[in-house]
Undergrad: 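Got a structure for you, questions after.
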Amino acid sequence: MEQETLKLEGTVESIIYKNESNGYTVLDLDAGGELITAVGELGDIEAGEVLSVEGRYVSHARFGTQFQVEYCERKLPDTAINIKKYLSSGAVKGIGPSLAKRIVDTFGAQTLEIMEKEPHRLGEIKGISPKKCESISQEIKKIFNLRHLMIFLSKYGIRSGIAMRAYQQWGQYATEVIKNDPYSLCTEGLGLSFKKAEKLAEDIGLDPNCRQRISAGIIFILSENANAGHSCVPIDKFEKLCKEFLSISDSEFYDSYNELIEENKIYEYIKNDRGFVYLSDYYTAESYIAGRIAVMQAFSSPDDFDFNKHIDDEENKNGIHYEALQRKAINTALSRGIMVMTGGPGTGKTTTLNAIISLYEKKGENVLLAAPTGRAAKRLSDLTGKEARTIHRLLEIVFDQGGRTKFKHNEEDPLQCDVIVVDEMSMVDVLLFESLLRAMKLSCRLIMVGDSDQLPSVGAGNLLKSLIESKCIPVIELKEIFRQAEKSCIVTNAHKIVSGQMPDLTQKNNDFFFFKRSQPEAAMALMSDLVKTRLPKAYKYSPTDDIQVISPSRKGVTGIMELNKVLQQQLNPPHTAKGEVKTAIYTFREGDKIMQTKNNYDIVWSKDDEQGAGIYNGDIGKILSINRRRSEMVIDFDGRRACYTFEMADQLELAYAITVHKSQGSEFEAVVMVLMGGFDKLYYRNLLYTAVTRAKKLLIIIGTEDVIEKMVTNNRRTNRYTCLTAMLLDEMRPHEQTE
């Protein structure tokens, strides 16, 4: 059990480790004669400083005790000895140990006060020229301004990382900016939650009906809806939501709303006489996608050419017969500038795609393959025998002058290729698709492959569905199930589910098994036995590498949080030889199977001789080692090794069991799914269909027929607000008129 929050005060003896980019620090703190290792996001702390910290002790059998700092108040060293140690540590650029000694010998315990208020007096020290005095003075000003800002924000429980980012943005005026508008800390790149900004604003005494609060609240509500998958929100619903959440009047809402529109921070789009409001990024993305596709269509052939002779040659070479829709898809891909190929499992998407790639390469065209996730890219590589990369890696992440991430390839530096193939398009959101289109030359062709019956992307929008519904680009849907695929109950049952029929639950000698269990305890026991013992013994499957447990829900008795606790205890129990780190939800230990839960473009990884940056939402890995001394862990993501600080552990969760949404884009040798009901919003047809199609060779469902029947009959599609289809139609009409 974790200890209660404690307060300590002491002097920094030494800095063991510091991450300059996020301020994460490991240090030795002398607290009343006892040397304590403290860890946390502490900023630019140096030896000799006096800290007042709040946090808790975290113990480990091998590495001993560390104090995990949650909040930190920094005090200037007040004795000559500590001041000399502080200045000698390199805290002030231009002052080394010998100069620090001369300064402290001259000014004693008043040194820091003089340096802050009368920095010109440093000219009294032998060896400090007027030019050097000015240089040191500027460095001191930066340090004290940042220190005052951190002290100010720490009173409101705001961590030093946000203070550092605020100082980088506003410099010496940061405190003044924040006092005038605490909600400025909620902006992109700073990342303070609206709830914490509310507390800060209340303590400062800001009027709750002020424009800053209402504007920040409007942006916050739009952001929350974007996180829920909506690229926009109907203005009538949005207005009501804002007024209730912020307790404001009609006029107060519209004053701020109209101001945000004038400042281009939000946009309004009219669809079917109904207004929809967008955050700037999502409006720009959807409008750009619509405009760019209209241009691609204008330059594309309006009809298919006849490539049947080439397709015949491909058939003869590979001993394959392409059915009519496959031939049509190949002809369309070779003729048009953009197309979508869709279809369920066993309908020949891979065979068709391989023919398209082969024929393009025979023409001397450079074809690049991409997918939205690492696992989907690896699967595409396995199926085609060609290198496939994630879209992020294809576009290459770089840092701008402000240290923010962006894609290297764009309109100014496009990808050097003739054709781009993107698989698993149902997972691609509008922001990522916009970036991909911006990185394509106008002459580049785009072939999109996906299954429109699967769940939509985690990110906002419903891209594949919008593209298909618009009928603005060629869409070929493969429907025929091939004979070899017909032998698989996974394939045949998937097609039954998507057409609204009950799957066959009676088979006992194929690849689709149903175990009836009506009590959660019995279901959990069977699931655990299958993963740990029965499937590895029968099929030689690795419980962590080959078998994936999935569930519709995160919470509940058979949600992934409970499933992960059971599976971790069974597959990777605690041991004195295994390092551990605790978070608010999980205890991670060496050997655990984990998943990254958010895109992080800054994480550096290495693979053999290759280096890169970026670990993304849905990437699954394994914890190789945990170093308590350095407060770091090394994680392997399919051969890419990355170093995580303990502070970054909140971006991870255990992945012995994952949600169906998180499984999308991946295939696993064996899938075990627990369906016990209780979450009606998550129990619908295309979620079940997506789950079934994650299994490559073996699928086991544990639950009741009633729950499966309920999911099959519930054809509720995930409803997402987006105007992309309307924008596409609006953009295409002018082109039709000019033809």
Undergrad: Checking Lys179 against Phe152: charged group under 6.0 Å from the ring centre and within 45 degrees of the axis?
TA: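 Because its charged atom sits under 6.0 Å from the ring centre and within 45° of the axis, Lys179 does stack over Phe152.
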Undergrad: In this structure, are over 12 heavy atoms from other groups packed under 6.0 Å from Glu412 atom CD?
TA: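 Check fails, neighbour count at 12 or below.
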Undergrad: Between Glu286 and Thr722, does any side-chain donor sit less than 3.5 Å from a side-chain acceptor?
TA: yes
Undergrad: One thing to verify: whether Glu653 and Lys662 come together as a salt bridge, which I'm taking to mean a side-chain N less than 4.0 angstrom from a carboxylate O.
TA: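 A salt bridge is absent here (no side-chain N lies under 4.0 Å from a carboxylate O).
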Undergrad: What is the ring orientation for His392 with Phe407, classed by angle as parallel under 30°, tilted 30 to 60°, or perpendicular over 60°?
TA: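 His392 vs Phe407 ring planes: tilted.
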Undergrad: Run the salt-bridge test on Arg213 and Glu198 with the 4.0 Å N-O cut-off and return the result as yes or no.
TA: yes
Undergrad: Using the rule given for side chain to side chain donor-acceptor pair (under 3.5 Å), can you reason through Asn225 versus Tyr721, listing the C-alpha separation, both sets of side-chain angles and the distance that settles it, and then say yes or no?
TA: CA-CA 9 Å; Asn225 275 278; Tyr721 291 117; over 6 Å; no
Undergrad: Heavy-atom count around Tyr173 OH within 6.0 Å, excluding the residue itself: above 12?
TA: no
Undergrad: Taking atom NZ as the centre, does Lys265 end up with more than 12 heavy-atom neighbours from other residues, nucleotides or ligands that are less than 6.0 angstrom away?
TA: no
Undergrad: State which residues pass side chain to side chain donor-acceptor pair (under 3.5 Å) with Glu202; sequence neighbours excluded, sorted by chain then number.
TA: none
Undergrad: Walk me through whether Glu268 and Tyr257 qualify under side chain to side chain donor-acceptor pair (under 3.5 Å).
TA: CA-CA 10 Å; Glu268 195 174 298; Tyr257 178 82; 2.4 Å; yes
Undergrad: Would you mind checking if Asp236 and Lys240 are paired as a salt bridge, meaning a charged N to carboxylate O distance below 4.0 Å?
TA: no
